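The structure appears right after this line, and notes come after that.
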Amino acid sequence: MRIGVLGTGNMADALATHWVRAGHEVTIGGRDAYKAERLATRIGGSAKPASLRAAAESGQEVVLAALPFGAGVDVAWELRAPLEGKVLLDCSNPVGPGFRLLTEGGPSAAQQLAAAAPGAHVVKAFNLCHEDVWRMRPPVFDGRPLAVPVCGDDETALARVRELVQDVGCEPVAGGGLERAGLLEATAALFIALWVGEGADAQAIAPPLFAGRVERRED
């Protein structure tokens, strides 16, 4: 695939690195040309630097919005023409001070992107873990690949994102339509509050599915 990346931060770095290694052509776009060039150089391979607009234009199949909440909507609005008909992958988390969900009572961050670029096919994924998890090669825990929920309304867009999830070494999980993206964002807010605020092991909240099945058989 030809993938455009909007942003030069840690998520752009972590995911684009996997995708370049998987053989995709990746263009790193940023408002700061030096940061885009520095990131593309660090990733190496097919990665090349560009402006935000050029990255959106070059991402023929998928454009990753690796941008802070709020900034992503402005950028999507500016680039709505080159984003027309493309997969716009949102990995943002609208979490503010005190681990507060900034979209509470309103549309999710992903839905706001969809409203700003109505011709794009927005898909929500890669928002539940810290960027260091996405840097792992691959993200596997206790022998189990990390599961990545994916939310979206267009089947072709979902199929492309599922492929990119697998290229990171993870297992895609159907998360439902884009209207459920807010649930992923709220889950991320909870996990961040537990991990960072409480020092709790959020992974321990959800035991493996087979554990419940074993208990029922014993009953």
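Please read these numbers as outputs of a predicted model, since none were measured by experiment.
The shortest heavy-atom contact between Phe191 and Ala202 is CD1-CB, 4.0 Å. Here the closest heavy-atom approach between residue Leu178 and residue Ala110 is recorded as CD1-CB, 3.9 Å. The minimum heavy-atom distance between Ala50 and Ala36, with the atom names listed, is O-CB, 3.9 Å. Among all heavy-atom pairs drawn from His18 and Arg137, the shortest one is CE1-CG, 4.0 Å. When all heavy atoms are compared, the tightest approach of Trp77 to Ala116 is CE3-O, 3.4 Å. Considering every non-hydrogen atom in both Asn127 and Asn93, the closest pair reads O-ND2, 2.6 Å.
Using a 4.5 Å heavy-atom cutoff, the side chains of Leu146 and Val140 are not in contact. By the 4.5 Å heavy-atom criterion applied to side chains, Arg80 and Leu83 are not counted as neighbours. Contact annotation: the side chain of Val95 never approaches that of Leu102 to less than 4.5 Å [non-hydrogen atoms, C-beta and beyond]. Contact annotation: the side chain of Asp90 approaches that of Glu185 to within less than 4.5 Å [non-hydrogen atoms, C-beta and beyond]. Here the side chains of Gln111 and Thr103 are not in contact, with every heavy-atom distance at 4.5 Å or above. For the pair Thr156/Val87, no side-chain contact is recorded, criterion being any heavy-atom separation below 4.5 Å from C-beta on. Considering only heavy atoms from C-beta on, Arg2 stays 4.5 Å or farther from Ser58 through its side chain. At least one side-chain heavy atom of Val196 sits less than 4.5 Å from a side-chain heavy atom of Phe99.
Follow the hydrophobic side-chain contacts under 4.5 Å out from Val62 and you never reach Leu67; the two are in separate clusters. Connection of Leu101 to Phe69 is not established within any shared hydrophobic cluster, with ILVMFWY side chains joined at heavy-atom distances below 4.5 Å, either directly or through further cluster members. A continuous path of hydrophobic side-chain contacts links Met11 to Val150 [ILVMFWY only; heavy atoms under 4.5 Å]. Under a hydrophobic clustering in which Ile, Leu, Val, Met, Phe, Trp and Tyr are joined whenever their side-chain heavy atoms come within less than 4.5 Å, directly or via other members, Val20 and Ile28 fall into the same cluster. Leu184 is not connected to Val173 by any chain of hydrophobic side-chain contacts under 4.5 Å among Ile, Leu, Val, Met, Phe, Trp and Tyr, and they are in different clusters.
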Intermediate values then yes/no, side-chain contact (heavy atoms from CB on, under 4.5 Å), Val26 and Ile43: CA-CA 10 Å; Val26 176; Ile43 293 172; 5.8 Å; no
Could you give me the CA-CA distance, side-chain angles and deciding distance for Thr187 and Leu128, then say whether side-chain contact (heavy atoms from CB on, under 4.5 Å) is met? CA-CA 7 Å; Thr187 300; Leu128 291 183; 4.0 Å; yes
Check against side chain to side chain donor-acceptor pair (under 3.5 Å), Asp153 and His121: CA-CA 8 Å; Asp153 297 328; His121 304 296; over 6 Å; no
Check against salt bridge (Lys or Arg N to Asp or Glu O under 4.0 Å), Glu155 and Arg162: CA-CA 10 Å; Glu155 185 52 43; Arg162 286 195 293 265; 2.6 Å; yes
When you look at Met1 and Arg160, which way does the side-chain contact (heavy atoms from CB on, under 4.5 Å) test go after all the steps? CA-CA 9 Å; Met1 293 186 208; Arg160 288 176 178 166; 4.0 Å; yes
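Atom CG of Leu79 is separated from atom OG of Ser51 by 8.5 Å, given to the nearest 0.5 angstrom. Interatomic distance, CG of Leu194 versus CG of Asp201, reported as 9.5 Å (0.5 Å rounding). For the atom pair SG of Cys170 and CG of Leu164, the computed distance is 11.5 Å after rounding to the nearest 0.5 Å. Put simply, CG on Leu39 and NZ on Lys48 are 15.0 Å apart, with the number rounded to the nearest 0.5 Å. Cys151 contributes atom SG, which lies 7.5 Å from atom CG of Leu183 (distance to the nearest 0.5 angstrom). Here the CH2-CG distance, from Trp19 to Leu15, works out to 4.5 Å after rounding to the nearest 0.5 Å.
More than 12 heavy atoms of other residues, nucleotides or ligands lie within 6.0 Å of CD in Gln60, so this atom counts as buried by the packing criterion. Within a 6.0 Å sphere centred on CD of Glu163, other residues, nucleotides and ligands contribute more than 12 heavy atoms.
Glu25 contributes no side-chain N or O that, together with a main-chain N or O of Ile3, makes up a donor-acceptor pair within less than 3.5 Å. A donor-acceptor contact shorter than 3.5 Å is absent between the side chain of His24 and the backbone of Ala16. Between the side chain of Asp32 and the backbone N or O of Tyr34 there is at least one donor-acceptor pair closer than 3.5 Å. Of the possible polar contacts, one joining the Lys124 side chain to the Ser92 backbone as a donor-acceptor pair under 3.5 Å is found.
Residues Arg31 and Glu78 are paired through a salt bridge, judged by an N-O separation under 4.0 Å between the basic side chain and the carboxylate. Of the charged side-chain nitrogens involved, none lies within less than 4.0 Å of a carboxylate oxygen, so that Arg21 and Asp167 do not count as a salt-bridged pair.
The side chain to side chain contact (heavy atoms under 4.5 Å, CB included) test with Val161 is passed by exactly one of Asp154, Leu64, Val123, Val148: Val123. Just one residue in the list Thr17, Asn10, Val168 forms a side chain to side chain contact (heavy atoms under 4.5 Å, CB included) with Arg135, and that residue is Asn10.
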